[in-house]
Amino acid sequence: MTGQIYCDIILQHARLFRGAMGADFVLVDDDARPHRATIVDECLAEEDITLLEWPSFSPDLNPAGHICDMLGRRVAASHASPRYISFRIHFG
């Protein structure tokens, strides 16, 4: 993906959401290189879209990591000693 494609395709969806949500809309992305292109910054400024910047590969953007952490905490808090624990995560 390039910055131009990001502006042309992704930001049109952001415009729709901003229209529905009003002034409280904040765009969140993963800070990937195409998202930080100068053309994207210009598009965001032209559209008056506020961006919440998060660092690339932030653990806060990793849902599988949160699910595994949650399951691990529940198993650790369990009073029973499990003999076998298996889980599968499928996204898609």
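- Pairing each heavy atom of Leu11 with each of Cys43, the nearest pair is CD1-CB, 3.7 Å.
- A single hydrophobic cluster is not seen to contain both Ile10 and Val28; linkage of ILVMFWY side chains at heavy-atom distances under 4.5 Å, directly or through other members, places them apart.
- Smallest separation of non-hydrogen atoms from Ala14 and Ile49: CB-CD1, 4.2 Å.
- Not a single salt bridge (charged side-chain N to carboxylate O under 4.0 Å, His left out) links Arg74 to another residue, sequence neighbours left out.
- For residues 13-33, no pair satisfies ring-ring contact (aromatic ring centres under 6.0 Å, His included), with sequence neighbours left out.
- When every heavy atom of Leu44 is checked against every heavy atom of Leu27, the shortest pair comes out as CD2-CD2, 3.8 Å.
- Asp41 is linked by a salt bridge (charged side-chain N to carboxylate O under 4.0 Å, His left out) to nothing, counting only residues two or more places apart in sequence or in another chain.
- With sequence neighbours left out, Ile5 forms a side chain to side chain contact (heavy atoms under 4.5 Å, CB included) with Met1, Thr2, Ile9.
- Within the structure, salt bridge (charged side-chain N to carboxylate O under 4.0 Å, His left out) contacts touching residues 18-28 (residues at least two apart or in different chains) are Arg18-Glu47.
- Qualifying side chain to side chain donor-acceptor pair (under 3.5 Å) partners for Arg36, counting only residues two or more places apart in sequence or in other chains: Asp29, Asp31.
- Tyr6 and Ile39 fall within the same hydrophobic cluster, where Ile, Leu, Val, Met, Phe, Trp and Tyr residues are linked whenever their side-chain heavy atoms come under 4.5 Å apart, directly or through other members.
- Looking only at atom types and distance, the side chain of Gln12 has no donor-acceptor partner in the side chain of Asp8 under 3.5 Å away.
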